[in-house]
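Taking it in order: structure first as structure tokens, then the write-up.
For the single chain, residues carry numbers from 1 onward in sequence order. All values below come from the heavy atoms of this structure, side chains included, with hydrogens, waters and symmetry mates left out. What you see is a predicted model; the values in this text were computed from it and never measured.
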Amino acid sequence: MISFERLKNEYERNWAGLEIRAGRMAEANAVARKALNGKATYQQIERLTGVPWFFTALCHYRESNFDFDTYLGNGESLHRVTKLVPKGRGPFATFVDGAVDAFRIQNFIGANDWSIARMMFRLEAFNGFGYHAKGVNSPYLYGGSTLYGPPEARAGKFVRDHVFDSDHVDSQLGTAVILHAMMSLDSSITLDGNPQFAGRGEPEDDVASTVILMQQALNKLGANPPLAEDGISGPKTRAAVSQFQEQNGLRDTGLLDAATVAAITRATQAGGPVQAVDLSQILKRLEDLAQLLRPSAGGATLPTTVPSRTLPATNDPISLFERLFSLINRTAPVPGPVVPASPAPVEQLKQVVDLLSTLLNTGRGKPMLGQVNGALGETVGKLLDGKKTALGIGGSLLTALLSSVTASPNAGGLAGLLGTIVTAVPGISQFAMPISLALAVWGVLGKMEKWSQGTAPPPRVTT
């Protein structure tokens, strides 16, 4: 399996031993000067993304030979929607705009480690790690050095997709070679071997587990050629994603956006045994609770017990909350992506209940809205009256979407915006989901309270 930790020592060793071939030195210096000519523009991108300006220059060289009228992600024109992966990007007003988009898709924005090993890992990821399986140093990094090609090293090049020619020598200079030449011409380029914040994970590492799950799922669905399950969304993975999107009526981008992750998950589940969930049991429990809250026809007081079971008092919203949480906790889980088991959602919900219990107005008599709907007072209670259930359900759905986007912040459009939000607020689902669910439950209990008081609105007339 390809990983940075596995390749780190190799990159450091290769960098320490890198020598530009004598016959390519003049060419390397000429390319390095071209890179330095664009320094001001690359520095604008660094200010917006945190990506070192010289790293941008290296990507720009390999993707479009320093053409500022192209999209950094694949070298296509800035002025048209891209047709190569990543598809559907642009058009962009400036090179800077396109570069920021490309780095966001690559999960480079917010990265902490820009050591030489991590930069070389990221540069090679642009082109793919297929050369490692062939026992050849990637020309994308080392072309023009003694680390690639005879007589010192092995040659070889992927001349077409999935076609490797062991005798072919890539004539283009590698990015590590260009960086070496740039450093000899510009003393301001320094490589800090240590991350600024030691121990903090890198953005691409954070999404690797989701990428692995999607690679495994695509392989089960018949990806051809099979994908390496390495957690790196490289060219082959993006091509497989693009093919899946085309076959399933999704927007063809080649990117693991939230909609694509959900669709791949559903397709994988549909191809195997799916656990049946008897929702009728949940509905029956809720109906039993509703019946307990409704007054009898004669206006008699409802019993507080049923055989072998103590019921919550109808005037105790906190007990009702806890009762409904316990009902939800005993139901069978719905199949879907695995949710981290800690902290437990039910425990989080109970913490929300404890917070709500301190907000209840128990010393001023019965509020006009009832204890459930008026828990936060008349003003806020009236503001939320009739809206809590919808807000809670909507918040839960949005949180679920954000959880998917967290796994894939490289999506475009609205999903990309949400990805930026959740990247800035790690673990958002851990506190947003309990609050949304609690709000939904609060709304359900509020409706039950209105039924028990006889203040529920009449049903709408339908035609």
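- What you find for F103 and C59 is that their closest heavy atoms are CE2-SG, 4.4 Å.
- Ring geometry, F129 versus F121: the interplanar angle falls from 30° to 60°, so the pair is classed tilted.
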Could you go step by step and tell me if R122 and E202 meet the side-chain contact (heavy atoms from CB on, under 4.5 Å) rule?
CA-CA 11 Å; R122 287 171 175 150; E202 293 300 282; 2.7 Å; yes
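- One distance of note links CG of L218 with CD1 of I264; it measures 4.0 Å at 0.5 Å rounding.
- Of the inter-residue distances, the one linking M182 atom CE with T175 atom OG1 reads 11.0 Å to the nearest 0.5 angstrom.
- A donor and an acceptor atom, one from each side chain of T70 and E63, are nowhere located under 3.5 Å apart.
- In this structure F158 satisfies the ring-ring contact (aromatic ring centres under 6.0 Å, His included) test together with Y131, F164, sequence neighbours excluded.
- D113 approaches R118 most closely through the heavy-atom pair O-CG, 3.1 Å.
- The two atoms that bring P139 and G156 nearest to each other are CG-O, 4.3 Å, heavy atoms only.
- Under the ring-ring contact (aromatic ring centres under 6.0 Å, His included) criterion, F55 pairs with F108, W114, not counting sequence neighbours.
- Side-chain atoms of E12 do not come within 3.5 Å of backbone N or O of I116 as any donor-acceptor pair.
- For the pair H180 and V177, the minimum side-chain heavy-atom distance is 4.5 Å or more.
- Under a 3.5 Å cut-off, the side chain of E76 and the backbone N or O of T82 do not form any donor-acceptor pair.
- Considering only heavy atoms from C-beta on, D257 stays 4.5 Å or farther from R251 through its side chain.
- One side chain, Q245 or T253, offers a donor N or O that lies under 3.5 Å from an acceptor on the other.
- Going from atom NE2 of H132 over to atom CD of E10 covers 5.5 Å, rounded to the nearest 0.5 Å.
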Given Y61 and Q172, is the side-chain contact (heavy atoms from CB on, under 4.5 Å) satisfied, shown in steps?
CA-CA 10 Å; Y61 163 69; Q172 194 171 8; 3.3 Å; yes
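- In plain terms, the two heavy atoms of R62 and L173 that are nearest each other are NH1-O, 3.1 Å.
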Can V85 and N74 be said to form a side-chain contact (heavy atoms from CB on, under 4.5 Å), step by step?
CA-CA 7 Å; V85 175; N74 56 24; over 6 Å; no
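- In this structure, A155 and H168 approach most closely via the heavy-atom pair CB-O, 3.8 Å.
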Any chance you could lay out the side-chain contact (heavy atoms from CB on, under 4.5 Å) test for I105 and R238, step after step, and finish with the verdict?
CA-CA 12 Å; I105 289 174; R238 291 185 177 185; 3.6 Å; yes
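- Atom CG of L179 and atom CG of L123 lie 8.5 Å apart (nearest 0.5 Å).
- Y71 has its side chain out of reach of R80: every pair of non-hydrogen atoms, C-beta onward, lies at least 4.5 Å apart.
- Side-chain polar atoms of Y148 and D170 form no donor-acceptor pair below 3.5 angstrom.
- For the side chain to side chain contact (heavy atoms under 4.5 Å, CB included) with R89, the qualifying choice from V81, L255, L78 is L255, the only one to do so.
- At least one side-chain heavy atom of F126 sits under 4.5 Å from a side-chain heavy atom of Q106.
- Residue N65 holds its CG atom at 8.5 Å from NE2 of H60, rounded to the nearest 0.5 Å.
- Looking at S115, its side chain never comes within 3.5 Å of a backbone N or O of L191 through a donor-acceptor pair.
- Residues D230 and K236 are not paired through a salt bridge, judged by the lack of any N-O separation under 4.0 Å between the basic side chain and the carboxylate.
- Of the residues listed (F68, F54, F66), the one engaging Y42 in a ring-ring contact (aromatic ring centres under 6.0 Å, His included) is F68, and it is the only one.
- The line from CG of D252 to OG1 of T260 is 9.0 Å long, rounded to the nearest 0.5 Å.
- When all heavy atoms of L147 and N14 are compared, the closest pair comes out as CD1-O, 3.4 Å.
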